[in-house]
Amino acid sequence: MTTPEQRDAAIREAGYNVFALSARDVLIDLLTDSGTGAMSRDQWAAIQHGDESYAGSPSWFIFRDAVTELFPFRHVIPTHQGRAAERILFSVVAGPGMVVPSNTHFDTTRANIEFTGAEGVDLVIAEGRDPANLHPFKGNLDTAALDALITERGHEHVPVVMVTITNNSAGGQPVSLANLHEVRAVCDKHKVPLFLDACRFAENAWFIREREEGQSGREVADIVREMASLADGMTMSAKKDPLANIGGWLACNDDALAESFRNMLILTEGFPTYGGLAGRDLEAIAQGIREAVSHDYLRYRIQSTAYLGEALHRSGIPVFLPIGGHAVYLDARGLLPHIPPLEYPGQSLSVALYKEGGIRGSEIGTVMFGRQSDGTEKPAPTDLVRLAIPRRTYTQSHIDYVIEICQAVAEQASDLRGYRIVEEAPQLRHFTARFEPLT
Ligand code: F0G
């Protein structure tokens, strides 16, 4: 617990960037659902079973088998987290002159693409950009736009198409199986491989089961295997749906590509049977993957996120609809129309939530995506504040408190002011930028 005075001082010292706060000064931490969940009894038991052999550890085989049970790719390459898989993938396939389309690239994915000199392009359907639209699969990729882009640039300049499931940077919205089939058809037409950024694969599959015609009787694990069967490879952060605190992987079917990935892995992550992870981490992930597709768990997970989102929506706070799987996204531009995007309404709202109640959310908007590669700035498509829910961590009474604080902040909305950036890094500036309030 902190007092308002302590929080005022802490956030000022943090340069008005919640990433720079000490977690001890945060009461309810909704910064991310990445690596912040509670591991189960069986995961902790699996950790005791970890074998730390450098090469060919039994824990590696347990991990590989758990991954291929759901994602039957020929090659599985463990990494210490998702962005390591992205860095390996794009350092092998991308580079200057290349373009990588996606529904919406996550920030680290986009940064890893751009770091190689390539371009990332977001092609989510128009409904996916409108916070109020109730389309059931707002994460879908616009396949006509994809077809046009590949035709225009030439397939030799599109090394891979990525689909992010669920679409984290645009409201945590799911992608339908039908859309994945259509994307596959466009990829086949142009002979371009399809990769999934599958961090929240189980939540995506649950939404397919709940919302897509003809899917309601299916096992989630079965839906996941169908999603995987449509792709040529995947990147994964095991810190999300696999319920671990660390880890990830890169997988594919192509032998030559896998060899290049492994060579890069050895250079920067580790030997291909541990890839930057301890044997005990591999075991925790293997167990987490199995738990992630449990229907009881997923029902609890999706309903508890909806509980927060629907309460905020009912009290008139603009939120991204429908409520996503892992997070509720407050529409800061909608709540703070008097703050122009280039004065960062999302930043203003995230600071206000911290000051009011010690809640830490994260800006997903013009701070994160506004800076262009030529150094200029333009408004991001939306200015959101994400309240990400760690898995199996908070109780309903914690979430009731979050609702009360959001309501209190919404009442003061017209008093909130914008910010300007006084210090920023050349890539992924949102993590370390310092701000000053505008008067
Ligand atoms: N792809 C998506 C869709 C993600 O959400 C993340 C991470 C990554 C890739 C990178 O994985 O963190 O293990 O390197 N998202 C976290 C978040 C950080 O808060 O949404 P990582």
Side-chain angles (χ1 to χ4, degrees), residues 17-19 23 26 29-37 77-91 100 102-115 120 122 124 128 139 141 160 162-175 195-204 227 231 233-251 268-269 275-277 281 284-285 288-289 292 305 320 324-329 346 350 360-365 367-369 384-391 393 427-428 430-432:
N17 185 340
V18 293
F19 277 101
V26 176
D29 203 346
L30 307 182
L31 185 67
T32 178
D33 64 322
S34 180
T36 52
I77 295 161
T79 60
H80 80 275
Q81 60 182 81
R83 71 198 69 182
E86 293 163 2
R87 186 185 47 77
I88 292 170
L89 168 63
F90 297 119
S91 63
V100 181
S102 175
N103 44 353
T104 311
H105 289 294
F106 182 64
D107 57 355
T108 59
T109 322
R110 171 173 287 281
N112 273 297
I113 291 167
E114 290 174 354
F115 192 68
D122 295 337
V124 73
L141 196 152
V160 60
M162 298 287 294
V163 178
T164 312
I165 54 171
T166 57
N167 197 19
N168 183 15
S169 300
Q173 301 293 316
V175 175
F195 270 57
L196 299 176
D197 175 344
C199 299
R200 300 180 180 84
F201 68 96
E203 293 171 5
N204 199 92
M227 298 192 302
M234 69 186 293
T235 57
M236 173 64 102
S237 168
K239 303 172 74 170
K240 281 81 172 179
D241 276 357
L243 292 160
N245 299 130
I246 196 71
W249 68 85
L250 173 61
T268 57
E269 289 279 296
L277 294 166
D281 299 325
I285 297 166
I289 294 170
T305 305
F320 203 97
H326 67 297
V328 174
Y329 295 70
S350 77
R360 176 155 71 168
S362 65
E363 195 260 10
I364 298 197
V367 175
M368 191 181 267
F369 292 116
L384 307 173
V385 170
R386 186 185 71 170
L387 304 178
I389 318 288
R391 293 171 180 76
T393 301
Q427 274 100 27
L428 297 172
H430 52 287
F431 287 123
T432 53

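Nothing here was measured: the structure is a model prediction, and the numbers come from that model. Note that ligands are numbered from 1 as they come in the structure, with each ligand's atoms numbered from 1 the same way.
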Peer 1: When you compare the side chains of T268 and R87, does any donor N or O come within less than 3.5 Å of an acceptor on the partner?
Peer 2: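 Yes - a donor-acceptor pair under 3.5 Å links their side chains.
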Peer 1: Tabulated below should be the N or O atoms of ligand 1 paired with protein N or O atoms at under 3.5 Å; can you produce that?
Peer 2:
from, atom 1, to, atom 2, distance (Å)
ligand 1, 1 (N), D197, OD1, 3.2
ligand 1, 1 (N), D197, OD2, 2.7
ligand 1, 5 (O), N168, ND2, 2.8
ligand 1, 5 (O), R200, NH1, 2.9
ligand 1, 5 (O), R200, NH2, 3.4
ligand 1, 11 (O), K240, NZ, 3.2
ligand 1, 12 (O), Q81, NE2, 3.3
ligand 1, 12 (O), R83, NH2, 2.8
ligand 1, 12 (O), K240, NZ, 3.2
ligand 1, 13 (O), G82, N, 2.8
ligand 1, 13 (O), S237, OG, 2.7
ligand 1, 14 (O), Q81, NE2, 2.9
ligand 1, 14 (O), G82, N, 3.3
ligand 1, 14 (O), R83, N, 2.8
ligand 1, 14 (O), R83, NE, 2.6
ligand 1, 15 (N), K240, NZ, 3.0
ligand 1, 19 (O), T32, OG1, 2.7
ligand 1, 19 (O), R386, NH2, 2.6
ligand 1, 20 (O), N168, ND2, 2.9
ligand 1, 20 (O), R200, NH2, 3.3
ligand 1, 20 (O), R386, NH1, 2.7
ligand 1, 20 (O), R386, NH2, 3.4

Peer 1: Quick one: does S350's side chain have a donor or acceptor within less than 3.5 Å of a partner on G361's backbone?
Peer 2: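 Checked: no pair found.
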Peer 1: Which residues satisfy the ring pair (Phe, Tyr, Trp, His ring centres under 6.0 Å) test with F90, sequence neighbours excluded?
Peer 2: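 F90: no ring pair (Phe, Tyr, Trp, His ring centres under 6.0 Å) contacts found.
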Peer 1: With sequence neighbours excluded, what pairs up with T393 under the side chain to side chain contact (heavy atoms under 4.5 Å, CB included) test?
Peer 2: A38, P390
Peer 1: With distance as the sole criterion, is a donor-acceptor pair present between the side chains of N168 and H326 under 3.5 Å?
Peer 2: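 The criterion, which ignores hydrogens and geometry beyond distance, is satisfied for H326 and N168.
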Peer 1: Of all residues at least two apart in sequence or in a different chain, which pass the salt bridge (Lys or Arg N to Asp or Glu O under 4.0 Å) check with E363?
Peer 2: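 By the salt bridge (Lys or Arg N to Asp or Glu O under 4.0 Å) rule, E363 matches no residue at all.
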